[in-house]
Novice: 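Encoded as structure tokens, here's the structure I'll be asking about.
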Amino acid sequence: MLDRGLLRNDPEKVREAAEAKGEPCPIDRWLELDISRRNVLGEVEEQRRRRNELSKEVASIRKTGGDASTQMDESREAGRKVALLESSLSEIDAEMKGLELCFPNIPDSDVPLGPDESFNIVQRTWGELPEQNFEARPHWDIMSDMLDSAAAGAIAGSNFLVLRGWAAWLQRSLISWMLDFHMKAGMEEIWSPFLASRESMTTTGQIPKLEDDMYHIEKDDLFLIPTAEVPLTNLYRGKMLKEDDLPVRLFGYTPSFRREAGSYGKETRGLNRVHQFEKIEMVRLAHPDRSEATQEEMVAHVEEMLRLLELPYRVSLLATGDLSFAAARCFDLEVWSTGQKRWLEVSSVSNFRDFQARRGNIRFRPNGGGKPLFVHTLNGSGIALPRIMAALIENGQREDGLVRLPAVLTERTGREFLNG
């Protein structure tokens with residue numbers, strides 16, 4: 001949610017940001033309502049002032065035994081007008097707040113301007129792309145019966161997963177390793193609900209923008225979470241922190257559920273795009289002065305994981321048209337998939353500035369005193385499955401059909417090959 005001062009004083013900035021993100025921008029209607037609201041507030045204050053004056057007149061007349069019926073009638077009429085004006089004010093406020101939920105966050109000044117991912121800027125790459133003297137196969141061919149699409153379809157429908165045997169073992173092993181890796185980095189582990197309320201989803205920006213992409217339990221008005229970002233951020237909704245509490249460094253494992261209603265036609269084969277997937281999520285609540293440094297730290301943390309997994313990767317700064325509704329700045333981390341011969345996104349590390357904090361009213365008191373400030377919130381996948389599995393399987397394949405594990409997993413599990 002954007003500051004009302006920004007909406008009022010710099011509407012062009014809001015309009016430009018929405019255009020850059022390809023979002024609607026009802027700023028003109030909001031400005032109309034803002035003027036109406038201030039006019040109605042002025043009328044309310046005027047009627048309240050008049051009612052107070054009349055009350056004093058009635059008291060004075062009664063002291064002298066006079067007839068104050070005229071003043072009493074006027075006072076009641078002023079009260080009736082106040083009630084009507086306050087009702088009108090409530091309607092205006094409700095519409096303004098509804099519109100405010102539709103304004104996207106303002107991209108940072110260094111975010112490249114462009115309508116789609118082709119305008120993203122690659123910041124750096126790491127690792128050599130695998131070279132095989134045989135035709136590399138995609139992971140769905142290598143996994144064969146370990147990826148039981150028929151069973152998944154019978155149980156839940158298309159674009160769900162059933163992993164069997166060594167594929168299930170790989171997912172469990174990766175989750176366990178990732179959780180330990182984050183814990184050793186000093187973050188607090190959270191085990192949270194996999195369902196979230198409408199208010200929680202609104203805080204992090206999924207609603208109203210992405211409601212159609214969410215799985216909704218209508219009877220209870222609850223949503224299956226699309227990412228652990230939702231419960232982790234909402235742990236602090238409505239909270240007032242102390243400056244010394246910052247940064248808050250959280251991580252947690254959850255399944256993630258996304259209908260992705262707008263994704264039809266995209267690559268959905270194998271593990272690439274599914275409605276339920278597992279991942280570890282990191283969330284930070286940071287001092288505004290440490291916001292950018294915190295994002296860089298989170299990106300570096302994910303990079304270290306990818307290097308340990310021996311996966312060639314690249315880090316890209318997203319262009320405005322590829323930036324999410326709520327993000328001010330985002331880095332994507334993609335790993336190379338040798339069987340598909342393309343890059344697969346496995347983590348997005350986003351800085352929301354105070355956008356989510358305003359929606360969720362998450363603030364802190366500065367040490368030196370003064371007005372409470374909104375925290376800056378950030379989140380990043382650390383890391384998302386199952387694309388990591390796809391890359392590990394494809395990049396680790398050998399001509400004899402075996403799939404070699406990276407050393408970090410071999411040392412942890414004692415297993416050198418997935419299917420050996």
Side-chain angles (χ1 to χ4, degrees), residues 1-51 77-107 196-214 216-218 220-223 226 230 233-234 237-238 261-262 320 323-328 352-363 371-374 377:
M1 183 176 291
L2 300 177
D3 182 6
R4 281 191 170 183
L6 174 64
L7 296 174
R8 183 179 298 124
N9 300 320
D10 200 352
E12 278 310 305
K13 185 174 185 177
V14 178
R15 205 186 313 273
E16 289 169 6
E19 183 179 356
K21 285 190 168 185
E23 299 286 350
C25 185
I27 187 65
D28 291 334
R29 176 58 179 162
W30 188 92
L31 291 169
E32 290 173 6
L33 290 167
D34 187 46
I35 293 170
S36 296
R37 182 179 187 276
R38 281 181 282 172
N39 290 339
V40 172
L41 274 174
E43 292 180 41
V44 168
E45 292 304 315
E46 174 62 24
Q47 292 300 323
R48 284 175 176 165
R49 183 190 62 77
R50 178 60 181 151
R51 188 171 58 180
E77 178 62 15
R80 187 186 70 81
K81 288 180 179 179
V82 166
L84 289 173
L85 288 167
E86 286 179 339
S87 176
S88 176
L89 194 62
S90 294
E91 292 176 4
I92 291 171
D93 276 335
E95 186 174 352
M96 288 179 74
K97 288 176 181 176
L99 292 176
E100 285 163 15
L101 293 176
C102 297
F103 295 117
N105 202 356
I106 308 293
S197 67
R198 182 173 291 274
E199 186 175 7
S200 294
M201 297 282 280
T202 300
T203 291
T204 45
Q206 280 80 21
I207 289 180
K209 163 68 177 174
L210 299 172
E211 185 164 352
D212 287 344
D213 284 348
M214 302 297 119
H216 183 214
I217 302 172
E218 198 167 335
D220 304 296
D221 198 23
L222 292 173
F223 295 83
V230 177
T233 305
N234 277 277
R237 188 177 75 230
T320 51
L323 202 58
S324 75
F325 174 84
F352 304 102
R353 302 295 181 180
D354 63 3
F355 188 81
Q356 292 180 330
R358 286 182 181 277
R359 292 166 83 108
N361 193 28
I362 309 171
R363 298 177 294 164
K371 183 180 177 181
L373 301 174
F374 288 103
T377 63

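What's counted below: heavy atoms across the whole structure, side chains too, no hydrogens, waters or symmetry copies.
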Novice: Does the Thr203 side chain pair with the main chain of Glu199, one donor and one acceptor, at a distance under 3.5 Å?
Specialist: yes

Novice: Are the side chains of Arg359 and Leu101 in contact, using a 4.5 Å heavy-atom criterion?
Specialist: yes

Novice: Identify the two heavy atoms, one from Gly238 and one from Ile362, that lie closest to each other, and give their separation to 0.1 Å.
Specialist: N-CG1, 4.4 Å

Novice: Which residue is it: Glu32, Arg38, Arg37? I am looking for the one with a side chain to side chain contact (heavy atoms under 4.5 Å, CB included) to Ile92.
Specialist: Arg37

Novice: Using ring pair (Phe, Tyr, Trp, His ring centres under 6.0 Å) as the criterion, list what pairs up with Phe352, not counting sequence neighbours.
Specialist: none

Novice: Is any side-chain heavy atom of Phe103 closer than 4.5 Å to a side-chain heavy atom of Val14?
Specialist: yes

Novice: For Cys25 and Glu19: C-alpha separation, side-chain torsions, deciding distance, then whether side-chain contact (heavy atoms from CB on, under 4.5 Å) applies.
Specialist: CA-CA 8 Å; Cys25 185; Glu19 183 179 356; over 6 Å; no

Novice: Which pair of heavy atoms, one from Leu2 and one from Pro104, lies closest together, and at what distance?
Specialist: CD1-O, 3.7 Å

Novice: Tell me the closest heavy-atom pair linking Ile27 and Arg15, and the distance in Å.
Specialist: CG2-NH1, 3.1 Å

Novice: For Pro226 and Gln206, which heavy atoms make the closest approach, and how far apart are they?
Specialist: CG-CG, 3.8 Å

Novice: Does Thr202 reach the main-chain N or O of Arg198 with its side chain, forming a donor-acceptor pair under 3.5 Å?
Specialist: yes

Novice: Under the rule for ring pair (Phe, Tyr, Trp, His ring centres under 6.0 Å), what residues qualify as partners of Phe223, not counting sequence neighbours?
Specialist: His216

Novice: Tell me, do Arg8 and Trp30 make a side-chain contact under 4.5 Å, heavy atoms counted?
Specialist: yes

Novice: Any idea which heavy atoms bring Pro107 and Leu323 closest together, and the distance?
Specialist: CB-CD2, 4.0 Å

Novice: The test is side-chain contact (heavy atoms from CB on, under 4.5 Å); show your working for Met201 and Leu210 and say whether it passes.
Specialist: CA-CA 10 Å; Met201 297 282 280; Leu210 299 172; over 6 Å; no

Novice: Does Lys81 reach the side chain of Glu77, with side-chain heavy atoms less than 4.5 Å apart?
Specialist: yes

Novice: Are the side chains of Leu7 and Asp34 in contact, using a 4.5 Å heavy-atom criterion?
Specialist: no

Novice: Any side-chain heavy-atom pair from Glu100 and Met96 closer than 4.5 angstrom?
Specialist: yes

Novice: Could you pull out the closest heavy-atom pair between Leu85 and Val40, with the gap in Å?
Specialist: O-CG1, 3.6 Å

